[in-house]
Colleague: 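Structure incoming, see below.
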Amino acid sequence: MKLVVIGNGMVGHKLLEELMAAHHTGLEITVLCEEPRVAYDRVHLSEFFTGKSADELSLAAPGFFAQPGLDLRLNARAVRIDRAIKQIVTADGEIIRYDKLVLATGSTPFVPPIPGNDRPACLVYRTIEDLQAMAEWGARSRVGVVVGGGLLGLECAKALCDMGLKAHVVEFAPRLMAVQMDDGGGRMLQRKIEELGVTVHTQKGTQAIIDGETARHRMQFADGSYLETDMIVFSAGIRPRDDLARQSELGVGERGGIRIDNFCRTRDRDVYAIGECALWGGKIFGLVAPGYDMARIVAAHLGALIKRKRSATNAPEFTGADMSTKLKLMGVDVASIGDAHGATPGSRTYQFSDERKQVYKKLVVSADGKRLLGGVLVGDATEYGTLLQMLLNGIELPAAPEFLILPSADGQAKPGLGIDALPASAQICSCNNVSKGQLCDAVSAGAMSIGALKAATKAGTSCGGCVPLATQIMKAEMKRQGLAVNNHLCEHFAYSRQELYHLVRVERIRRFDELLARHGKGLGCDICKPTIASILASCWNEFVLQKEHASLQDSNDYFLANIQKDGSYSVVPRMPGGEVTPDGLIAVGQIARKYGLYTKITGGQRVDMFGARLEQLPMIWEALIAAGFESGHAYGKSLRTVKSCVGSSWCRYGVQDAVGTAINLENRYKGLRSPHKLKFAVSGCTRECAEAQGKDVGVIATEKGWNLYVCGNGGMKPRHAELLVGDLDTPTLIAYIDRFLMFYIRTADRLQRTSVWRDNLEGGLDYLRDVIVHDTLGLAAELETEMQQVVNAYECEWKKAVNDPPTRRRFQHFVNSNAGDDNVSFVSERGQIRPATAAEKRERPRRIPITVETE
Amino acid sequence: MNDMMQGWTDICALDDIVPDTGVCALVDGEQVAVFRVGERELYAIGNFDPNAHAAVLSRGLVGSLGERTVVASPIYKQHFDLCTGECIEAPEHSVRVWSVRLGADGRVRVGPTAR
Ligand code: SRM
Ligand SMILES: Cc1cc2nc3c(=O)[nH]c(=O)nc-3n(C[C@H](O)[C@H](O)[C@H](O)COP(=O)(O)OP(=O)(O)OC[C@H]3O[C@@H](n4cnc5c(N)ncnc54)[C@H](O)[C@@H]3O)c2cc1C
Ligand code: SF4
Ligand code: FES
């Protein structure tokens, strides 16, 4: 069968995924994609502004389009369908034949017919190119207006704010999100949005856009008032792209949209339409979940046709979709469920509003009070998942449904939705159509973390709204199966790292032996010893090599250097922020030359010296300390480096002192022991030359202060850091980093980088922001105090080690001889040493003598 | 005195080994890793890690795995049984074992032959 799919948007791509996963034989698919790139995640399009690249937004798995049977044409727009001869003509004049055709052409933003709407800097918000245009105009604008106060318009306004513009929303209706909100909710929402710095103008009809006096444009309103702005983004609804269907007489609705039946077929049995271009039951669905449903239905229908070669009447049918939504705007919780306006005859409503906390909630229930019909949540949408499930599964309401939305009195649990009450068929993830049953199956098959569950089922990978519920289901299922999560550190301690941390803090335990005697068994091992050494250091920051702690340290920590493959060590002096004086460099060079060390600039902006033998380490460090250097902790699970760019001191674009801040941060957190290594970077402007968004803690200068990014890393699984909070002054920046680090140290697992830790935090980044910025746990002061104690207790470990005779004595290869390790031998390469290979050792048993230069 | 006659090598005082750590001793030209577990228990095995081709076992972390007392190589973390020298993850890479004693004079001595 020769299938042609017009449009490679979110829904068209879903269809391809479904079809390819079914491994049909004899199916040849041609995909016409008008855009210059393959399908990307439009739902998360706004993240383009917070640093996601087009590649990262891509929906196509690597190699997807290389599969046989799939022919992708980028930059190829279909301009005509000749149904009689079953062929399509593209804008380039190419002719493509089909047996079956799927239209997945999506929609275009509606631009109201206002005179002047085609002036420069009048834009829309739909594609990556649109966003690029916005970014370009944004850089040359001070004020931006979004026309349309719907879901998308608000998201767009937020993007304008983030670009540093003064943002306005102009809405024709009397309230924001008019479709989903009632008056009470709309009012509360408006206040919240205005708190974000967006000015909202409701009941404003724009009559013309003309030249402005203080800005590029002036918008003239029907009521005689006006607003001046430099750019305008139209977000006033969507119009289905049905021109191909009109041209080929496939049947479109009065107000547009390609008419389809329950199998998503048009009036031509060989042509389907799916996604935002399709009209079903008189409705266009402007959300991705119904579109995905349609894609699955067409995939099943085509699959049945291919397999049985006759009509597929018992294939699944489209039955409409739930249009409940939860807004994913930062800092504003808004949700609308089912019949939000109480339009069902006889329905009753319950309302709760708290003007001080700015919370508004409404429930719409059936006349008999037994079923939930709809609801509105503004200011706090915690109950969204529960309410949605109650609605979708027709679960009987408790006797007093108002308690579902009333704040609970102290300590009293809310009437929750017992997970057990949900049928296995309950759809938990609407974006990816994952049921409770599928989640439970995945748990049985071994998915026991939210990360694994996402990977196995795709639940939670689109809008993320279902993650809390999916997590609850996972936990309940694990419990049911008797699969208590064994997060015990090792056979010696039946506790997680977090629990051990707590025990150490609360019982003020300072020694491993004490902890082992009270809470463990056996001798300990190479897992628990370094972990507990790290916990003790995070809490009390005693010298890691003092007698009681020495035997707990990994070889690297025990010798305060990184062991190399041949048993020699590398030496990394700290160069905070990557800054080093010429004299410092000369000293490093002289020391390296004296001990014959291999030198290299590391990826962390400092110098590493390799090939030191154990007995040389104290001498090398004495010389480094004399030259003013300190330990770089390259060996520890602790702060490594704070990379910096030159920032405002030298760079013509820099807006803040990146080097100075990097140095301060490095000096503040140096020596801090943590569950895994920590890396920071500070960039002096948005060009981001220090690559701060690839770090556990990334700081990027803005005109007003600093943006704080957290939980990124490079390495095996690179992860971009996410914006925690923006425009901080320096003291607040440090306070937040203190809190962030201490909270991580308290709660992370052993060897868990911040990104993995964040992925496993229930509630994700929003929760983290609540804890760090809004102090919802009331921990902020405590975390800051704990950090200050660690900072105050800092001492350079190497200074301590070289001046402590018992410690110093350990730096010796043989306890009973001054000889060195005869297994370490070097050969010369590019003018420096490197370890000899096994073959080289066999050939030339004589190693090159290490020349010790005398100054 | 007696020990010397039987070919035992005096390597250091017990106090030279931090409890629950190891040192490396040169015994008849060979590198031997000597461990002190707790206050007075002593073990000696070859110092060369056959997995990593590096003479480093004395620098590993000492601990227990079930009933066995082991050291973890600092390079790739394989465990070696301190009583038998067996490499638990890769038995073909096991190491030899030496006898080791604590004299009444508080000195640590390693026996002449590897078992
Ligand atoms: C020396 C250096 C490579 C170089 O010559 O540039 C290096 C060397 C090592 N890295 Fe690295 N990494 C070095 C920069 C990096 C960077 C780049 C950076 O920091 O900007 C990364 C990616 C960024 C990141 O970590 O997010 C990096 C990601 C890793 C990883 C993967 C971490 C992950 O979460 O996936 C490991 C493995 C681990 O830590 O478990 C690792 C582990 C190691 C170890 C410690 C492996 C080992 O146990 O022997 C290497 C020995 C270090 C030594 O001094 O002997 N190294 N390593 C760099 C030292 C930087 C410094 O000044 O301290
Ligand atoms: C900023 C933004 C935020 C959103 N947030 C959400 C959200 O939170 N939740 C939600 O459910 N939905 C959201 N949506 C809506 C969601 O993105 C759409 O419902 C979804 O993308 C529809 O998929 P589609 O494949 O039908 O259309 P599209 O993704 O638009 O894909 C259609 C594709 O077809 C191409 N095409 C059109 N005509 C032709 C032709 N003649 N020849 C070749 N190619 C053609 C187009 O170029 C386009 O690439 C959001 C949309 C935007 C813009
Ligand atoms: S990338 Fe691998 S080989 Fe290179 S330094 Fe890092 S850990 Fe070592
Ligand atoms: S509901 Fe959107 S990701 Fe699951």
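In what follows, chains carry the letters A, B, and so on, assigned in the order in which the sequence lines appear, proteins first and then strands, with residues in each chain numbered from 1.
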Colleague: Quick one: CG on A:Asp822 to CD on B:Gln31, what's the gap to the nearest 0.5 Å?
Modeller: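 Reported value, rounded in 0.5 Å steps: 5.5 Å.
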
Colleague: If every non-hydrogen atom of B:Ile75 is compared with every non-hydrogen atom of A:Gly567, which pair is closest and at what distance?
Modeller: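 Of all heavy-atom pairs spanning B:Ile75 and A:Gly567, the closest is CD1-N, 4.5 Å.
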
Colleague: Check each atom of A:Gln812 against the heavy atoms of chain B and say whether the ones under 4.5 Å are side chain, backbone, both or neither.
Modeller: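 It is neither, since no heavy atom gets under 4.5 Å.
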
Colleague: Check whether A:Lys565 reaches the backbone of B:Ala54 with its side chain - one donor and one acceptor, N or O, closer than 3.5 Å.
Modeller: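 Here the side-chain-to-backbone pair does not exist.
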
Colleague: Is there a donor-acceptor contact under 3.5 Å from the side chain of A:Asn816 to the main chain of B:Leu26?
Modeller: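 Present.
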
Colleague: Can you establish whether the number of heavy atoms outside B:Lys77 located under 6.0 Å from its atom NZ is more than 12?
Modeller: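 Above 12, so yes.
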
Colleague: Please report the shortest heavy-atom distance between B:Asp20 and A:Lys529, naming the atom on each side.
Modeller: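 B:Asp20 and A:Lys529 have their closest heavy atoms at CB-NZ, 4.2 Å.
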
Colleague: Rounded to the nearest 0.5 Å, what separates atom OG in B:Ser58 from atom CZ in A:Phe814?
Modeller: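 If I round to the nearest 0.5 Å, the distance is 9.0 Å.
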
Colleague: Taking the side chain as C-beta and beyond, is there a heavy-atom pair between B:Thr21 and A:Ser551 under 4.5 Å?
Modeller: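 Counting from C-beta outward, B:Thr21 and A:Ser551 do come under 4.5 Å.
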
Colleague: Answer whether the closest heavy-atom distance between the side chains of A:Leu523 and B:Val37 falls below 4.5 Å.
Modeller: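 Touching, per the 4.5 Å side-chain cut-off.
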
Colleague: Counting heavy-atom pairs under 4.5 Å to chain A, which of B:Val18, B:Val34, B:Leu61, B:Asp49 comes out on top?
Modeller: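 Option with the greatest count: B:Leu61.
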
Colleague: Side chain, backbone, both or neither: which part of B:Asn47 has a heavy atom under 4.5 Å from chain A?
Modeller: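 It is the side chain, since no backbone atom gets that close.
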
Colleague: Using a 3.5 Å distance criterion without hydrogens, assess whether the side chain of B:Arg59 forms a donor-acceptor pair with backbone atoms of A:Tyr558.
Modeller: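 Pair absent, no side-chain N/O of B:Arg59 close to backbone of A:Tyr558.
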
Colleague: About how many Å separate NE2 of B:His53 and OG1 of A:Thr837, when rounded to the nearest 0.5 Å?
Modeller: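 Atom-to-atom, A:Thr837:OG1 and B:His53:NE2 are 11.0 Å apart.
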
Colleague: Can you tell me if CZ on B:Arg40 sees more than 12 non-hydrogen neighbours from other groups inside 6.0 Å?
Modeller: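 No, because the 6.0 Å sphere around CZ of B:Arg40 holds 12 heavy atoms or fewer from other groups.
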
Colleague: Please flag which part of B:Ile17 lies under 4.5 Å from any non-hydrogen atom of chain A: side chain, backbone, both or neither.
Modeller: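 Contact with chain A involves no heavy atom of B:Ile17 at all.
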
Colleague: Count the heavy-atom pairs under 4.5 Å between each of A:Leu614, A:Asp554, A:Asp566 and chain B, then report the option with the highest count.
Modeller: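 Of the candidates given, the most pairs with chain B belong to A:Asp554.
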
Colleague: State, yes or no, whether a side-chain contact exists between B:Val56 and A:Ser555 at a heavy-atom distance under 4.5 Å.
Modeller: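 Side chain of B:Val56 against side chain of A:Ser555, heavy atoms only: no contact under 4.5 Å found.
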
Colleague: Counting only N and O atoms by type, is there a donor-acceptor contact under 3.5 Å from the side chain of A:His492 to the main-chain atoms of B:Ser64?
Modeller: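 Here the side-chain-to-backbone pair exists.
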
Colleague: Search all heavy atoms of B:Gly66 against all heavy atoms of A:Glu491 and return the closest pair with its distance.
Modeller: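 Residues B:Gly66 and A:Glu491, closest heavy atoms: N-OE2, 2.6 Å.
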
